[in-house]
Participant: 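First the structure, then my questions, so here it is.
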Amino acid sequence: MYSFPFPFEEGQSHYFYKNNAVQMKNRTTVQITPNYLKEMKLKRDTIIKNPERCFVALDHTYEAQWEATLYIAKELALRYPDTFTMTSRKYGFTLNNHLLKEEVRFDYKVNKEPLNDIGKHVQEDLILMFQREGQLFLDAGQLCFPSNWSLAFNKGMAFMDIHRPVPGFQEGQLDRRIERFLLHLCPGDPFERSNWSLMAGETLNTHLETFPEWGKKRYSVTEDTVGNYVHVRVEVQKLHRLPKTYTILFTIHTHLLSLKELSKDLNKANQLYTILLSLPKPIEEYKGITPYKSHVMNYLEGVL
Amino acid sequence: MSWHIVRGKQKYIILYEDYVDITKLVRELCFHRSLLSLINVGEPDQLASILNKELMGTYIYLSLKVKKTREVLSLLYDLGFSPLDLQVVKEESERAIFCAHCHTVFITDDHPHAVCEKCNITLSVTNHWSTFHHAFLGSFEFEGDSL
């Protein structure tokens, strides 16, 4: 049964920034939700229209891409046996996707971009981080539903360099502590965390490249439209260490829920309100909430 | 010009052009008693054959004009050097910008805004530096709004 992943801890009443990753109980990588068909169509359309925004892979990443592909396909067949079946062969496998009514062959070294191919069957964005010289590098990934960042720009960059613009990320050496945590991830012991923001509109594919198109929507929020138009955006992020290539598979599943829907639960509406009250200005600006925050606060006050 | 000293390497090479002042960088590397070679960048073929003979543990500083930097970087990557083996000494008078819209990397003066030479979009130049593209992110900006 699907439920929106509300991002705040029970009792949390203030914004704070920390490594909120927790050990995963069910050890999953991906999740199929009722939006599957709609999101797969959007994902595939986005890839066809702008492949260079959605997929990158440096030359040395093939083995890790293949390992991640197998890892995800096996999980799909095991967790969703009515929806996916997998038939193994000596140098590959066939995946039957019953929801999309597709049969897809995956062959080692024949599929040139296996991560991109398996990504077309899951709602998650898929990022591979490679460890060398005590750092983690984003050397391959499929990204269709980013929250205002560019995979093409971040390609080949170290974790620390990617996150340098995030306000507060270097305070108290948080960046180093998170990197250390990631470097010590072990196979078979995955973690998950959630990241949240608000957004005007219901657009999943908010690439940095298209900011002029969707960014202006933030200025069109009014008191009348805020409830239906502004959405809480939650990224459920899962971190798995792949045992053979020792790469980190980082999956991001983005969920949206309108303020109106969220406010049906007054406790959640109240928690969001108090956390927004305590949000530091630089974080508010980084999340892009500033242009319409007053409308959101007024709306939540009205509900409460 | 800005750089940082990476210690513990077997040997350091500075690739430079005549009109770029590398005195301070040389002085600092000498202060750390490092084995140092200076190479004035000439023909790409000669440079390739010289660098091809370098052993593991060699660390390269590129103190070149931005356009030349990009040519030499591509040569270094072809020779098997990685971003961890080198550092671009950043020129303060001109900068390489990565266009957030079309991904073109272009060179411009040191100015807070730049117009992409391919897609003509006006970009706000951020201080987000890519060690892979060797360029700053040029992003979008609405009035009263910053990324």
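This structure is a prediction, so every number in the text was calculated from the model and none was measured. Here is how names work: the chains are called A, B, and so on, in the same order as the sequence lines, proteins then strands, and each is numbered from 1.
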Participant: Hey, would you say the A:Phe153 and B:His103 ring centroids sit under 6.0 Å apart?
Facilitator: no
Participant: Take atom CZ in A:Arg176; do more than 12 heavy atoms of anything else shown fall under 6.0 Å from it?
Facilitator: no
Participant: Rounded to the nearest 0.5 Å, what separates atom CZ in B:Phe140 from atom CD in A:Glu213?
Facilitator: 9.0 Å
Participant: For atom CD of A:Glu52, is the number of surrounding heavy atoms from other residues, nucleotides or ligands below 6.0 Å larger than 12?
Facilitator: yes
Participant: In sequence, state the C-alpha distance, the side-chain angles, and the governing distance for A:Met157 and B:His128, and then conclude on side chain to side chain contact (heavy atoms under 4.5 Å, CB included).
Facilitator: CA-CA 11 Å; A:Met157 278 170 70; B:His128 198 184; 3.7 Å; yes
Participant: Take A:Asp161 and B:Ser130 through the side chain to side chain contact (heavy atoms under 4.5 Å, CB included) test and state the conclusion after the steps.
Facilitator: CA-CA 7 Å; A:Asp161 292 329; B:Ser130 163; over 6 Å; no
Participant: What parts of residues 135-142 of chain A touch chain B if we use heavy atoms and a cut-off under 4.5 Å?
Facilitator: A:Gln135, A:Phe137
Participant: In this structure, are over 12 heavy atoms from other groups packed under 6.0 Å from B:Asn52 atom CG?
Facilitator: yes
Participant: Run the numbers on B:Phe132 and A:Asn154 for side chain to side chain contact (heavy atoms under 4.5 Å, CB included), then give the verdict.
Facilitator: CA-CA 8 Å; B:Phe132 183 83; A:Asn154 286 347; over 6 Å; no
Participant: What residue, out of A:Thr210, A:Ile162, A:Asn50, has the most heavy-atom pairs lying under 4.5 Å from chain B?
Facilitator: A:Ile162
Participant: Can you tell which of A:His207, A:Lys155, A:Arg164 has the highest number of heavy-atom pairs within less than 4.5 Å of chain B?
Facilitator: A:Lys155
Participant: Does CZ in A:Arg132 sit with more than 12 non-hydrogen atoms of other residues, nucleotides or ligands closer than 6.0 Å?
Facilitator: yes
Participant: Quick check: are there more than 12 heavy atoms from other residues, nucleotides or ligands sitting under 6.0 Å from CG of B:Asn40?
Facilitator: yes
Participant: Who in residues 76-88 of chain B is close to chain A, using a strict under-4.5 Å heavy-atom cut-off?
Facilitator: B:Leu84
Participant: Can you name the nearest heavy-atom pair linking B:Phe98 to A:Ser150, along with the distance?
Facilitator: CE2-OG, 4.4 Å
Participant: Contact part of B:His133 toward chain A, heavy-atom cut-off under 4.5 Å: side chain, backbone, both or neither?
Facilitator: side chain
